[in-house]
Number of protein chains: 4
Amino acid sequence: MSSIFGNIFRVSTFGESHGVAVGCVIDGCPSGIEISEFDIQKDLDLRRPGQSHITTDRNEGDKVEILSGIFEGKTTGTPICMIVRNADQRSHDYSEIKDIFRPSHADFVYQMKYGIRDYRGGGRSSARETLARVAAGAVAKKILSQKGIEIFSFTQQVYNIKTEINPSEVKKEDIFSNIVRCPDKEISLKMIDLIEQMKSEGDSVGGVICGVVKNCPVGLGQPVAQKLSSSLASAMMSINAVKGFEIGSGFASSLMKGSEHNDEICNTDGEISTKTNHAGGIVAGISNGEDIIFKVAFKPVSTIKKPQNSINTDFENIKIDTIKGRHDPCVLPRAVPIVDAMSAITILDHLIMENGLKF
Amino acid sequence: MSSIFGNIFRVSTFGESHGVAVGCVIDGCPSGIEISEFDIQKDLDLRRPGQSHITTDRNEGDKVEILSGIFEGKTTGTPICMIVRNADQRSHDYSEIKDIFRPSHADFVYQMKYGIRDYRGGGRSSARETLARVAAGAVAKKILSQKGIEIFSFTQQVYNIKTEINPSEVKKEDIFSNIVRCPDKEISLKMIDLIEQMKSEGDSVGGVICGVVKNCPVGLGQPVAQKLSSSLASAMMSINAVKGFEIGSGFASSLMKGSEHNDEICNTDGEISTKTNHAGGIVAGISNGEDIIFKVAFKPVSTIKKPQNSINTDFENIKIDTIKGRHDPCVLPRAVPIVDAMSAITILDHLIMENGLKF
Amino acid sequence: MSSIFGNIFRVSTFGESHGVAVGCVIDGCPSGIEISEFDIQKDLDLRRPGQSHITTDRNEGDKVEILSGIFEGKTTGTPICMIVRNADQRSHDYSEIKDIFRPSHADFVYQMKYGIRDYRGGGRSSARETLARVAAGAVAKKILSQKGIEIFSFTQQVYNIKTEINPSEVKKEDIFSNIVRCPDKEISLKMIDLIEQMKSEGDSVGGVICGVVKNCPVGLGQPVAQKLSSSLASAMMSINAVKGFEIGSGFASSLMKGSEHNDEICNTDGEISTKTNHAGGIVAGISNGEDIIFKVAFKPVSTIKKPQNSINTDFENIKIDTIKGRHDPCVLPRAVPIVDAMSAITILDHLIMENGLKF
Amino acid sequence: MSSIFGNIFRVSTFGESHGVAVGCVIDGCPSGIEISEFDIQKDLDLRRPGQSHITTDRNEGDKVEILSGIFEGKTTGTPICMIVRNADQRSHDYSEIKDIFRPSHADFVYQMKYGIRDYRGGGRSSARETLARVAAGAVAKKILSQKGIEIFSFTQQVYNIKTEINPSEVKKEDIFSNIVRCPDKEISLKMIDLIEQMKSEGDSVGGVICGVVKNCPVGLGQPVAQKLSSSLASAMMSINAVKGFEIGSGFASSLMKGSEHNDEICNTDGEISTKTNHAGGIVAGISNGEDIIFKVAFKPVSTIKKPQNSINTDFENIKIDTIKGRHDPCVLPRAVPIVDAMSAITILDHLIMENGLKF
């Protein structure tokens, strides 16, 4: 099982939802970067369960502890291990899910693949694993920001509610001005209403997060096997509940003609840019200096409070009345920092592969 | 620059459009597999330019030569090198594109990244590179077929013309019964009409290819960093002109509720299956035994015969009247074997990572 | 900086000598293997400082804590994180070494490479890092033992005192019957005497550890780039203070003729074996079924209590009177479990690359 | 089977002794480097069989052809494929070795590992594969020389004849002034005599090659898993017939005390250097600016013209009278360019990992 992301800047995550701790090791981090637990905690708090009434009611502090790699407030170039102990790992009653395979959950495939699974709260397949990525992403984002590269993402669509805001014009502060992480104030209120409704119905919805990378230098990405768009797609598809990835015009490009889709290049007083950005900032796998813009599709979360049919671990057909526990009716608000983290880890890894570790 | 795909079954491609040869080395291929140049040629012929009137008029034989790794008709476990010499590498007149950056082509990013570019026919960024992948894919497909795993894909949509055929019910022979590679006879005719129209207009269109993997064993894929869906997304995004990837319900999942989207599991006379397949055969990054179904979005090709604005290599604004040369008005018919190849390479690499090299 | 060993069974170590904790993450571990903290602790105790009067007087408990990857006493196939908190990380007085570069220590190269170094007790370059490898090695050894593969090593030479025992006839229990880890009782006493003498002189000595792998299946190892002998050499050279590696006849082979050196193959009642084992169990990079036998040369440790010349961090020439602190006059006794660990990690990684993760 | 060396500068070799061709693909080569077939051919000629009366009588032209990656005389950053067609692949009579396993050859392990082997001239296990490495090494050496880094190696010992010349004082031109590649004129004559004697006896001898890297910048190498010494050891152990690797003082360090072995550091008019170089230029896995000096032990080649016992492919005991064919009585003269190549590939790969691809 591989839980290691990246080629030179490598992030190895570990930990189960209800095990002792969740965390990560960052191998290949440049030295001399100021990093404190505060930098990490800030991002973890944006992903934290229970942060608002539209996320799960589960409330965990998620306090990070840095175990290595930082000396006198700076990275030393050695591996950085960070852990978050699971607040509550007392033996809950898991009898409900121990012997069944919940529809669209990892239960069945884990059991078939490994012959054993830590069923407590989803174990390793729980989205709790992503807190380790957010911690690593906080480090990556800090390093990138020193190069002037800005990473952010926002909730663009929840179910059938969608903002038409131009991603290149989004202001980072507007994203975090509301609990649904949509920079369009009006739309954000509708999204919140919808999520509240889903919560009361015991159902769930998905949506689309749009990711943006600003000031990425021209020339990042490999032209055949490690295209920047391939790496971003792989990173995004690794996030729980993600079903699709698009760069720039994406699937909509299939409804355009070449004469409409081509991005004309122009020199405006010495600035090279394209008139349109259907490329989404990446041409032939390589960044062209425009904003990198991609979209990530999230399915509705699998945990719902409705009756469903499935099988148990003896492969007998069963009826599941409702699944207990506290879960998110919509993961997007908490997934925004995860998309940011994976975006930052991917961009930084490419940057280091190209330009080396000297920062 | 990395042109190496895979982890254990590794495919390294090389060659430029108008260089001496294009080819690949397969490292980590199981031994004892019967492979002949005929097996490879068969697939290359499906990708060959000039194979029908809706592809480019360029006509190249693309004869493969195996240089190593095969002994008495079987793989020996050693690296397999295959090359196709470029029939026509005489010095054409490239003055037209030598000093300009064509919109939405790799010209600009290659020049900025490497400070040099082989401008002859697009050089390394030419889709001609993909013939090397098709050659490697032919080997992968043959190995997979011995495990009972079937790989195919088909043209699902060209511009606004789309077939509604159920991917799980597509018959492989129907795909290759027409030149546009769409198993829906009626729709295929409309697609061909449209492409002919584009050709006459000097414009281009894109579309969607749907990929299918049948009989993939349960449990393939890693659950965090090397999800099978991540690997497939990365592989597909590496194909020229690809802008998006979806697994199963994809972006459409964002418009469904959890109660609609969850795939209920049932045991029917000992056969475990899901009632629906919104997952597209992959749950939490791991195959669940259902058909793997994914979609790949292709933009309209950038080479069009219409006037466009751009800059030259001195960064001066210029007007391009029309780009000479013979090109595909729609890449999808020839991209079908490429999607197959990348799908097969990806699935086989995962299979070998899981189960080892003994076949 | 890479601290990740292995290709599929990957061990990522982290931690500094006087940081918060030292530990490792094992990624790609087969599922269903019984592992407890006791299994790990047993090996850590063999590496522990202060375990006998010929090792350093520093006395650390080195209690391991497993943070993830184990459920109900068994591996689940998910990453295993293990940490050992540093008992004593109070702010010592490091003024003595903070501003100087000790001869043959990592001080100078770390400072030049990273522009920063955690000077406390050597930081990351301290051999304390190897406890993380021993922890991972304990897991690897347990898995290998289930395949019948036995891993051990022993002190073959300390300075000019050397045992002539045949490595293939060494009994594991004899190795740990004395504190110097030499299975030759008589020689072990002389070695202990010598080390005691070095300790009293404030000097240090090195020596040779011989590693043995028994019952390795025929056919392990890749024939060109990932020869089993290459992987073992790389693993051994990564251990602190190691200066050389030999497989089988090693450097002595240069003093033999082909007619003496060739290992004749014979079939004795159905058992294929070689009459001699100059190959050391590996031919052309691949195991041949004989005992794998290799030697690892350790230099005398750099920390001595004698006056030395060097430079300080301002690059000024200085005289170092003596370096305070408690150190090993000879690392070999404590290095035996480290050689075992790296040997086991290497063999298991190759085994999994060949045969997959199913155990 | 992996035949890929390196992490970013990756060299993939392919080809069998009596197959169609032997060659390599270099992936991750910096752009803008002037490379011609002449640069490659020069090094291939130093490795060529039949170049002198002390090498094999087999005489092959070994003409290199560059298939990709070079445009207008310069590297473009795209993969470079180079091949050498095997001059003579007519069907020889291999009945002699087809059905037997020659002692200390790869025959047995290949058959057991793969269930099939290309027995013609040793197939993939033939040292003929190393010509692909020499070709790639020629590219690496040229790039390194632009950074002022000089790579060379020389025959230090043949059987019991050894030069005492200081490796740091060797002049490159002296190495190639004689056919045995030993810069010590007097000793070289004795070595030649000895090899001639072995040839006439039908026996073989091994020896030691000493490798030198001059002007390696301080700070190259990773401190734990990818120590520069680990990478060099792995690279050297991958060369056919190599049995041991030492850095600096190597195995001899075990006979020194710490007080003798430590390399004192001093500042001489602003130049930082060590008084001795027992480290061999690498401390704690990282280059310290001194000459990198290592030794590689070669066993006597396995092909001898003397009677030997072995088994056939039916596992029956047999007597081999003599093995026909023309072989080297001592591989060292032809192995010098191979050691150079692997040294250059390793150093360059580390340099690119540290500092990126921009040259």
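Just so it is clear, the model here is predicted, and its values are computed rather than measured. Naming: A, B, ... by sequence-line order, numbering from 1 per chain.
- Contact count against chain B (heavy-atom pairs under 4.5 Å) is highest for A:Met256 among A:Met256, A:Lys275, A:Met112, A:Glu129.
- In this structure, the separation between CD1 on B:Ile247 and NZ on A:Lys299 is 11.5 Å, given to the nearest 0.5 Å.
- For the pair B:His105/A:Val283, no side-chain contact is recorded, criterion being any heavy-atom separation below 4.5 Å from C-beta on.
- At a threshold of 4.5 Å between non-hydrogen side-chain atoms, the residues A:Gln157 and B:Ser254 count as touching.
- Between A:Met198 and B:Lys257, the closest side-chain pair of non-hydrogen atoms falls below 4.5 Å.
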> Between A:Phe251 and B:Lys295, is a side chain to side chain contact (heavy atoms under 4.5 Å, CB included) present by the stated rule, with each step listed?
Replying inline: CA-CA 9 Å; A:Phe251 279 85; B:Lys295 289 179 197 163; 4.1 Å; yes
> Can you list the steps and then say if B:Glu316 with A:Asn267 is a side-chain hydrogen bond (donor to acceptor under 3.5 Å, both in side chains)?
Replying inline: CA-CA 7 Å; B:Glu316 295 162 337; A:Asn267 179 336; over 6 Å; no
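- At least one side-chain heavy atom of A:Lys227 sits under 4.5 Å from a side-chain heavy atom of B:Asn240.
- Proximity of a side-chain donor or acceptor of B:Asn262 to a complementary backbone N or O of A:Ser302 within less than 3.5 Å is detected.
- For a residue to count as touching a neighbouring chain, one of its non-hydrogen atoms must lie under 4.5 Å from one of that chain's; by this rule B:Ile239 touches chain A with the backbone only.
- Chosen from B:Ser287, B:Pro217, B:Ala225, the residue pairing most often with chain A at heavy-atom distances under 4.5 Å is B:Ala225.
- Within the 4.5 Å cutoff, no side-chain heavy atoms of B:Val218 are placed close to those of A:Gln111.
- Listed here is the closest heavy atom pair of A:Ala284 and B:Ala106: CB-CB, 3.6 Å.
- Counting heavy-atom pairs closer than 4.5 Å to chain B, the top-ranked of the candidates A:Ala233, A:Gly219, A:Ser238 is A:Ser238.
- When side chains are defined from C-beta on, B:Glu246 does not count as touching A:Met237, because their heavy atoms never get closer than 4.5 Å.
- Interface remark: A:Leu232 contributes no atoms to any contact with chain B (heavy atom separation under 4.5 Å).
- Separating the OG atom in A:Ser259 from the NZ atom in B:Lys305 is a distance of 14.0 Å, to the nearest 0.5 Å.
- The distance from atom NZ of B:Lys113 to atom CG of A:Leu220, rounded to the nearest 0.5 Å, is 6.0 Å.
- When heavy atoms are compared at a cutoff of 4.5 Å, A:Arg102 approaches chain B solely by way of its backbone atoms N, CA, C and O.
- Ranked by heavy-atom pairs under 4.5 Å with chain B, the first of A:Phe298, A:Phe315, A:Phe101, A:Phe245 is A:Phe245.
- Your options are A:Pro307, A:Pro300, A:Ser125, and the one with the most heavy-atom pairs under 4.5 Å with chain B is A:Pro300.
- A distance of 8.0 Å separates OG in B:Ser2 from CE in A:Met353, rounded to the nearest 0.5 Å.
- Here the closest non-hydrogen pair linking B:Ser234 and A:Ser230 is O-OG, 2.8 Å.
- Judged by distance alone, the side chain of A:Lys243 and the main-chain N or O of B:His278 form a donor-acceptor pair under 3.5 Å.
- Each of B:Ile311, B:Asn317, B:Asn309, B:Ile320 was checked for a side-chain contact (heavy atoms from CB on, under 4.5 Å) with A:Glu264, and the lone residue meeting it is B:Asn309.
- Note on B:Ala279, B:Ser104, B:Gly206, B:Gly244: by heavy-atom pairs under 4.5 Å with chain A, the leading option is B:Ser104.
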>> Assess the residue pair B:Ile272 and A:Phe108 against the criterion (side chain to side chain contact (heavy atoms under 4.5 Å, CB included)); give the C-alpha distance rounded to whole Å, side-chain angles, the decisive distance to 0.1 Å, and a yes or no.
In response: CA-CA 10 Å; B:Ile272 306 301; A:Phe108 174 70; 3.8 Å; yes
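- B:Ser229 OG to A:Met236 CE: the interatomic distance, rounded to the nearest 0.5 Å, is 13.5 Å.
- Side-chain atoms of B:Pro103 and A:Asp263, non-hydrogen and from C-beta on, never get closer than 4.5 Å to each other.
- When each of A:Gly280, A:Ala252, A:Gly221, A:Gly285 is scored by its heavy-atom pairs under 4.5 Å with chain B, the top score falls to A:Gly221.
- Distance check, rounded to the nearest 0.5 Å: CD of A:Glu260 to CG of B:Asp203 gives 7.5 Å.
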